[in-house]
> 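Starting off with a structure, shown below.
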Protein chains: 2
Amino acid sequence: MATIKDVAQRAGVAISTVSRILNGDPRARPETVQRVRAAAADLGYAPSALGRGLRTRSQSVWALVVADIENPLFTGATRGVEDVASAAGYSVLLGNSDEDAVKEQEYLRVAGRMRVAGMVLTPTSPRVDVTALRDSGIPVVCMDRPLGGRPPATDVVLVDTRTAAHQAVTRLVAEGARRVGCVTGARRTFTTTERVAGYTEALVDAGLPVDPDLVRYTDFRVDSARDATARLLREGVDALVVTSSLMTVGALGAVAEAGRRIGPGLRLATFDDAPWTSLLSPDIVLVSQPAYELGAEAGRMLLSRIADADQPVRSVTLTATVGSRTRSTVR
Amino acid sequence: MATIKDVAQRAGVAISTVSRILNGDPRARPETVQRVRAAAADLGYAPSALGRGLRTRSQSVWALVVADIENPLFTGATRGVEDVASAAGYSVLLGNSDEDAVKEQEYLRVAGRMRVAGMVLTPTSPRVDVTALRDSGIPVVCMDRPLGGRPPATDVVLVDTRTAAHQAVTRLVAEGARRVGCVTGARRTFTTTERVAGYTEALVDAGLPVDPDLVRYTDFRVDSARDATARLLREGVDALVVTSSLMTVGALGAVAEAGRRIGPGLRLATFDDAPWTSLLSPDIVLVSQPAYELGAEAGRMLLSRIADADQPVRSVTLTATVGSRTRSTVR
DNA sequence: CTGAAAGCGCTTACAG
DNA sequence: CTGAAAGCGCTTACAG
């Protein structure tokens, strides 16, 4: 493994000269530049991020820790973060916490030890502890879910899915639904409580009774959503709101197993436009979130926070759109 | 940001003592251990991976670069790699090359500069250049796709999807298909050529004519698969083999738009059991790959290669299973 | 049982 | 325009 020393030796210069030239110092003699460049190329030299990072106390790497890499919202957001990062000269290292607080903590630790330049995080709960990172001087921007109470403890980009859930339920009711079941994720998750709130408010606004028993909290898994939906169907609902596309897989499985189908007698609203939702009946009400923009905005916030650590904490909320599914243009 | 120096000062010992104790050196006085531990905890000290990595010339981090994070095969494999890595004390940093050779090259560079302990890679093409990494002493294990010709240039874990494709097509033919179209990915990709080979061999074995025009290569995208399928349907096929679940979204979209449906008149075989495939008709022939095991085996190979750099290059092939879709147990 | 010292691979004022 | 030197945060023989 070639080091700066090897390059210096081969080019017949001091290591400081190699460093300067490779970092584009303008006041270097063209011949020297030539020699150094050639030597570096011959040796396949790539500067060690360890040596460099240690010395400059800054890395050109971000960590991005998402709660579920299978969620199309997060794959889209990941692209947004990556594009903003790479335009600014940063690379992004991804961690998947899998909605598991232990795994998440492990990624936070690794990122801290690696002294990354910043982190974008989708916290598994509002009480995730990022003080260790912040004390290390590593800025954290949250995405999709805030940290702490109100106001949020860090910069954060959210999507207003409360309003979207309200609109979706209002639409179901306008189409004739009277008993709307809700299959949703974990209680601890911000997005869950927001969407349930929107659901409840819509029922109230429509003058319909609110039955807490029609809201089923799960662990986000396909099978849990299937079971929850099966029970709701047995107990009698004429519409379903399912708060993620993965859970919708389970919900639709339960619908099929019950011998029912989506249509005027059983309406469905679902979140996230995963590619496969393009195959669903056009009757379905679909809540689309600006996934790419969610990540891009988080990236921009991180950039801004890196540039100025002392600026006030910011909170940005993006809008989700509610519509019927259209022909997919998603990858 | 606390350093080992701060801890030493607070505990009233030398930094070498701090280092030893925090690394579990047994010959330390209990009182000293106490003091050092307390000081470290008070300061929220986490050793810098930069300092440590520079000194020991070894990192406890792997890089995993996959070609498409949306592919359920790779999300499953990622879990396998992570579990093996973390059991051995490594963390995994993920990069998504998105089937883009430029992005891939960038991740290879970053991993090299970071001096990761090893890499698991799904190369975007057999000609990806990993010599820079290998020259830096960073072992590379390939997953899903080999590098170089035969024998492969690196350790590699593959899935025998050639045989699986053969079996799937044989099954379609047994059910009555005579003109089987194939919608597949990019020509440069190993898995594409393997599956097309299996498809072709099955037709030959069944005594059916082989029409190269029935094989449509795409760029893996939903819309490309949709267009390719639409054309195949117009030209007349009575069965389809689609070599990834994402492309199957497009294929099924085209089927619906053509006013056709999957059944005895138009059979379908597809690869990868994405969660949503559980919603498909039970008639569909499904090729399931051992995703988790693919990653776990790659992780084990990397571990073994790290332990002994000079062992002969190994190539492991796992088996895919062909069946009808069953109720999903996937997350 | 613990400390002082060297050195991992870099960058950056500081001389010259 | 270039080199020598210091130092970033660690670990690890080597003394004592």
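A note on names: the letters A, B, ... follow the listed sequences, proteins ahead of strands, and every chain is numbered from 1.
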> Please determine, for the side chain of A/Ser19, which listed nucleotide (C/dT12, C/dA4, C/dG9) has the closest atom?
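Looking only at heavy atoms from C-beta outward on A/Ser19, the closest nucleotide is C/dT12.
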> May I ask you to evaluate whether B/Thr32 reaches the phosphate of C/dC1, defined as a side-chain N or O under 4.0 Å from OP1 or OP2?
no
> If you measure from the Lys or Arg side-chain nitrogens to the Asp or Glu carboxylate oxygens, is any gap between B/Arg79 and B/Glu82 under 4.0 Å?
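Looking at B/Arg79 and B/Glu82, the cut-off is not met.
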> Donor-acceptor pairs are to be reported for all side-chain atoms of residues 3-13 of chain A against protein atoms at under 3.5 Å, with residues two or more places apart or in another chain.
{"unit_1": "A/Thr3", "atom_1": "OG1", "unit_2": "A/Lys5", "atom_2": "N", "d": "3.2"}
{"unit_1": "A/Asp6", "atom_1": "OD2", "unit_2": "A/Thr3", "atom_2": "N", "d": "2.8"}
{"unit_1": "A/Arg10", "atom_1": "NH1", "unit_2": "A/Asp42", "atom_2": "OD2", "d": "2.6"}

> Go through the side-chain N and O atoms of B/Thr56 and B/Ser58 and say whether any donor and acceptor fall under 3.5 Å apart.
yes
> With a 4.0 Å limit, can you tell me whether A/Arg20 has a side-chain N or O closer than that to the phosphate oxygens OP1/OP2 of C/dT11?
no
> What is the distance, rounded to the nearest whole Å, between atom CD of A/Gln9 and atom P of D/dG3?
13 Å
> Check the pair A/Leu294 / A/Gln289 against side-chain contact (heavy atoms from CB on, under 4.5 Å), numbers first and verdict last.
CA-CA 8 Å; A/Leu294 176 65; A/Gln289 299 185 63; 5.6 Å; no
> Can you check whether B/Thr17 has a side-chain N or O nearer than 4.0 Å to OP1 or OP2 of C/dT2?
no
> What is the distance, to the nearest angstrom, from the CE atom on A/Met114 to the C1' atom on D/dC8?
17 Å
> Taking the nucleotide of DNA chain D with the closest heavy atom to each, which residue, A/Leu54 or A/Gly12, is nearer the 5' end?
A/Gly12
> When rounded to the nearest 0.5 angstrom, what is the spacing between OH in B/Tyr107 and CG in A/Leu93?
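Result: 7.0 Å between the selected atoms.
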> Just how far, in rounded Å, is C1' of D/dC10 from NZ of B/Lys5?
12 Å
> Can you tell me the distance, in whole Å, between the CZ atom of B/Arg52 and the P atom of C/dG9?
16 Å
> Atom CD of A/Gln59 and atom P of C/dC10: how far apart are they, to the nearest Å?
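Value for this atom pair: 13 Å.
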> Nearest to the side chain of A/Ile4, heavy atoms from C-beta on, is which of D/dT2, D/dG9, C/dT11?
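In terms of side-chain proximity for A/Ile4, the closest of D/dT2, D/dG9, C/dT11 is C/dT11.
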> So does A/Arg57 reach the base of D/dG7 with its side chain, donor to acceptor, closer than 3.5 Å?
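For A/Arg57, whose side chain was compared with the base of D/dG7, there is no donor-acceptor pair (under 3.5 Å).
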> DNA chain C in dot-bracket, Watson-Crick or G-U pairs under 3.5 Å, [ ] crossing, | other strand?
|||.||||||||.|||
> Taking the basic N atoms (NZ, or NE/NH1/NH2) and the acidic carboxylate oxygens, is any pair closer than 4.0 Å for A/Arg221 and A/Glu99?
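Salt bridge flag = no for A/Glu99 with A/Arg221.
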> Using whole Å, what does the distance between atom P of nucleotide C/dG16 and atom CZ of A/Arg27 come to?
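Computing the A/Arg27:CZ to C/dG16:P distance gives 16 Å.
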> To the nearest Å, give me how far apart CD (A/Glu31) and C1' (D/dT2) are.
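Atom CD in A/Glu31 sits about 13 Å away from atom C1' in D/dT2.
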> Look at B/Ser16 and C/dA4 and indicate whether a side-chain polar atom (N or O) is within less than 4.0 Å of OP1 or OP2.
no
> Hey, which sits more toward the 5' end of DNA chain C by its nearest nucleotide, B/Asp25 or B/Arg55?
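Nearest-nucleotide comparison on DNA chain C picks B/Asp25.
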> Report the distance from atom CD1 of B/Ile15 to atom P of C/dG7, rounded to the nearest whole Å.
15 Å
> Pick base, sugar-phosphate or nothing for A/Arg113, based on heavy-atom distances below 4.0 Å to the nucleic acid.
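Answer is nothing: A/Arg113 stays at 4.0 Å or more from every strand.
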> Considering the options B/Glu104, B/Lys103, B/Arg145, which one meets the side chain to side chain donor-acceptor pair (under 3.5 Å) requirement together with B/Thr124?
B/Glu104
> Scan side-chain atoms only and decide if B/Gln311 and B/Ser304 contain a donor-acceptor pair under the 3.5 Å cut-off.
yes
